[in-house]
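Reading through the structure tokens given below for one structure.
Note: hydrogens, waters and symmetry copies are ignored here, and every other heavy atom, side chains too, is used. In listed order, ligands and their atoms are each counted from 1. If you read the sequence from its start, that first residue is 1, and numbering goes on from there.
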Amino acid sequence: MKKNQFIVVEGIDGSGKTTICNYIITLLHNINIHNIIYTHEPGGTPLAEKLRQLIKYSKNEILSNRTELLLIYASRLQLLDNILRPNINNCWILSDRYDLSSYAYQIGGRGINEKDILFFQKFIINNIKPNITIYLDVNPVISLNRIQLRKKDRIEKESLIFFTKVRQYYLKIAKQDNNIIIIDANQNLYDVKLTVKKVIMKWLKN
Ligand code: TYD
């Protein structure tokens, strides 16, 4: 049985990440794994939560794509240095989003050059990589429909075209990486959970 793994859940807004994160915690509890740090991005430390607010609700001023990128990586670095690096060998860690979000949203969605992000990979992330990433793949027409009644933040207000590009980038990377498991999140929640359960239980045993 595996020990102290780093699990990440990814997907576009409205893909059901938070529900699935809570479900994964239940699955882990059911097999007596309780030393779990559950976090999310952007955020996860007091300062990173302040950055999250700036990222999600920049008012009266257009947030440039590169400023958005810098704020996201500043938030990630706070999480890495204060939570992830000190605990990664002693605990299970579950994160609602991590670095793959930056590839999908900032490169795929905003059009930032991939080379510019590779610098951050080395400078900020270095060797802290998830053991498994559950990517909840959903058609943006469905996900935008799911979140239409929410009070939307700055990014959730983006267009269908934006989320289509974000999804395409997620899929592009996921198909190249065996540690990223693509789950069809267009299904109803019951079936998504069933698929996640199968994937996680099989992975835990390997
Ligand atoms: P999210 O945590 O998905 O929102 P909620 O839990 O409120 O539904 O919101 C974070 C937003 O930040 C989301 O729209 C995606 C965006 N984001 C990026 O653009 N790049 C990143 O690297 C990360 C981590 C998040």
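Residue contacts with ligand 1, taken as heavy atom pairs separated by less than 4.0 Å, do not involve K152 at all. Residue contacts with ligand 1, taken as heavy atom pairs separated by less than 4.0 Å, do not involve H40 at all.
Distance from atom 7 (O) of ligand 1 to its nearest protein heavy atom, with residue and atom name: K56 NZ, 2.5 Å. Of all protein heavy atoms, the one lying nearest to atom 21 (C) of ligand 1 is S101 CB, 3.4 Å.
Between Y23 atom OH and I200 atom CD1 the span is 10.0 Å, to the nearest 0.5 Å.
In this view, Q121 and D99, Y103 satisfy the side chain to side chain donor-acceptor pair (under 3.5 Å) rule, not counting sequence neighbours. The side-chain contact (heavy atoms from CB on, under 4.5 Å) search around R154 returns I55, S58, L63, E68, R110, not counting sequence neighbours.
The shortest N or O to N or O distance between R76 and ligand 1 is under 3.5 Å. The shortest N/O to N/O separation between R97 and ligand 1 falls below 3.5 Å. In terms of polar-atom proximity, defined here as any N/O pair under 3.5 Å, Q106 does make such a contact with ligand 1.
Here is the list of ligand 1 atoms found below 4.0 Å of a heavy atom in S102: 21 (C), 22 (O). Residue contact check: D13 has heavy atoms under 4.0 Å from atoms 3 (O), 13 (C), 14 (O) of ligand 1.
With K56 contributing its side chain and I155 its backbone, the two residues share no donor-acceptor pair below 3.5 Å. A distance-only check finds a donor-acceptor pair linking the side chain of S75 to the backbone of G43 [under 3.5 Å]. Without hydrogens or angle criteria, Q106 side chain to G111 main chain gives no donor-acceptor distance under 3.5 Å.
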